[in-house]
2 protein chains.
Amino acid sequence: MVKFSKKLEYSLIALRHISISEDKITRVRDISEKYNIPHDLLAKIMQKLKKECILESVQGINGGYRLLKKLSEIPLFDLYSFVESSTSIVECMHDDASDCYVSDNCTIKDPLAKMQDEFENILKTKMVSDFV
Amino acid sequence: MVKFSKKLEYSLIALRHISISEDKITRVRDISEKYNIPHDLLAKIMQKLKKECILESVQGINGGYRLLKKLSEIPLFDLYSFVESSTSIVECMHDDASDCYVSDNCTIKDPLAKMQDEFENILKTKMVSDFV
DNA sequence: TAAAATACGACTGTATTAGTCCTGTTTTAT
DNA sequence: ATAAAACAGGACTAATACAGTCGTATTTTA
């Protein structure tokens with residue numbers, strides 16, 4: 001199936017919320033409660049976005065997250081590749097797919113690779129701000 | 001994850017094989033053996049493509065499949081929607097998704113719907129013959 | 001009439017996603 | 001000081017979808 005993960009959905013919802021909120025710092029709990037997103041799951045996504053320098057965090061009792069970038073400067077592709085476990089639309093395009101069992105007889109690889117490029121280009125063109 | 005299913009890969013391989021083979025009728029077994037595709041799985045895919053009027057079948061000891069259309073007349077999107085269980089890139093775009101838990105607070109639906117359109121347009125532009 | 005092909009529903013195995021649980025670390029209000 | 005409330009993160013479980021298998025029926029022809 002070709003479907004985005006919940007993580008990507010949650011990321012978009014969370015980033016949007018932070019960007020339009022007046023508060024300087026937003027707590028994970030506020031977002032998870034408002035949108036019915038499991039707290040622990042969202043917390044991990046936020047941690048990931050911190051590692052990727054989209055958010056910065058403040059620990060402690062008054063802690064939370066703050067945006068490091070403008071949403072208009074974050075390509076959807078970045079979010080996508082940070083959050084999804086794989087970015088290839090077919091299995092044989094993984095980095096370690098030297099063991100394609102179809103191998104010699106497979107002729108669909110190149111055209112599928114082109115399709116993948118087109119798909120990624122869409123993601124690179126869109127900014128997160130387009131989803132707010 | 002955003003990935004095409006094996007079924008779509010197998011469909012492309014099979015259609016390509018049939019289209020370039022000299023034989024008037026091609027057996028499932030020939031294709032499954034040549035490309036190491038599980039026979040029963042491929043058989044079901046072929047049955048599906050028959051129902052969708054891409055192939056026609058002949059039963060019996062000398063039976064097999066025959067193309068009903070030119071590959072250049074089959075949009076990849078058709079194959080995609082025949083073979084994949086769902087064509088929506090996010091859950092909340094399913095036909096029966098009236099129970100979106102985010103509901104009122106969700107603002108990312110429209111932009112994602114537009115993304116889906118763009119994605120589908122790529123699939124509609126490509127013909128199966130582009131993958132041979 | 002036996003063999004070999006399609007036809008097809010039911011079932012099993014496996015991989016990925018989604019979500020939970022538990023324990024730690026940090027910071028601040030009291 | 002210390003308790004509370006936030007982030008941090010590894011390990012585990014549950015749910016889902018995909019991939020593949022099995023058994024049986026039907027059809028046709030050598």
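Per chain, numbering begins at 1; letters A, B, ... match sequence-line order. This is a predicted model, so every value here is computed, not measured.
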Problem set entry | All side-chain contact (heavy atoms from CB on, under 4.5 Å) counterparts of Asn121(B), not counting sequence neighbours | Lys124(B)

For this session: Nearest whole angstrom, please: distance from the P of dT17(C) to the CZ of Phe4(A).
Result: 13 Å

Exercise. Among pairs that include at least one residue of residues 60-80 of chain B, which meet side chain to side chain donor-acceptor pair (under 3.5 Å), considering only residues two or more places apart or in two chains?
Worked result: Glu56(B)-Arg66(B)

Exercise. Where along nucleotides 21-30 of chain C does protein come under 4.0 Å, by heavy atom, of base (B) or sugar-phosphate alone (S), with - for untouched nucleotides?
Worked result: BB--BBBSS-

Exercise. Could you state the CD1-P distance from Ile25(B) to dA4(C), rounded to the nearest angstrom?
Worked result: 17 Å

Exercise. Which residues satisfy the side-chain contact (heavy atoms from CB on, under 4.5 Å) test with Lys7(A), sequence neighbours excluded?
Worked result: Ser5(A), Ile45(A), Val83(A)

For this session: Tell me whether the OP1 or OP2 atom of dT16(C) has a side-chain N or O from Ser5(A) closer than 4.0 Å.
Result: no

For this session: Kindly say if Lys48(A) contacts the phosphate of dG9(D), meaning a side-chain N or O under 4.0 Å from OP1 or OP2.
Result: no

Exercise. Lys6(B) has an atom NZ; how far is it from atom P of dA15(C), in whole Å?
Worked result: 12 Å

For this session: Using only side-chain N and O atoms of Tyr10(B), determine if any of them is under 4.0 Å from OP1 or OP2 of dC18(D).
Result: no

Seminar exercise, completed: Apart from Val58(A) itself, members of its ILVMFWY cluster (side-chain separation under 4.5 Å) are Ile25(A)

Problem set entry | Residue pairs, two or more places apart or on separate chains, that pass salt bridge (charged side-chain N to carboxylate O under 4.0 Å, His left out) and touch residues 35-52 of chain A | Lys48(A)-Glu52(A)

Problem set entry | Short side-chain N/O contact from Lys50(B) to OP1 or OP2 of dT6(C), under 4.0 Å | no

Exercise. Mind checking whether Met127(B) and Asp130(B) have side chains closer than 4.5 Å, heavy atoms only?
Worked result: yes

Seminar exercise, completed: Comparing nearest nucleotides in DNA chain D, the 5'-proximal residue of the pair His39(B), Gln47(A) is Gln47(A)

Exercise. From the list dA8(D), dT21(D), dA18(C), which nucleotide is the closest neighbour of the side chain of Ser57(A)?
Worked result: dA8(D)

Exercise. Over how many whole Å does the gap from Leu41(B) atom CG to dT12(C) atom P extend?
Worked result: 18 Å

Problem set entry | Nearest-Å distance for atom pair CG/P, residues Leu42(B) and dA7(C) | 12 Å

Exercise. In whole angstroms, how far is the C1' atom of dA17(D) from the NZ atom of Lys3(A)?
Worked result: 9 Å

For this session: Using whole Å, report how far NZ of Lys51(A) lies from C1' of dC7(D).
Result: 12 Å

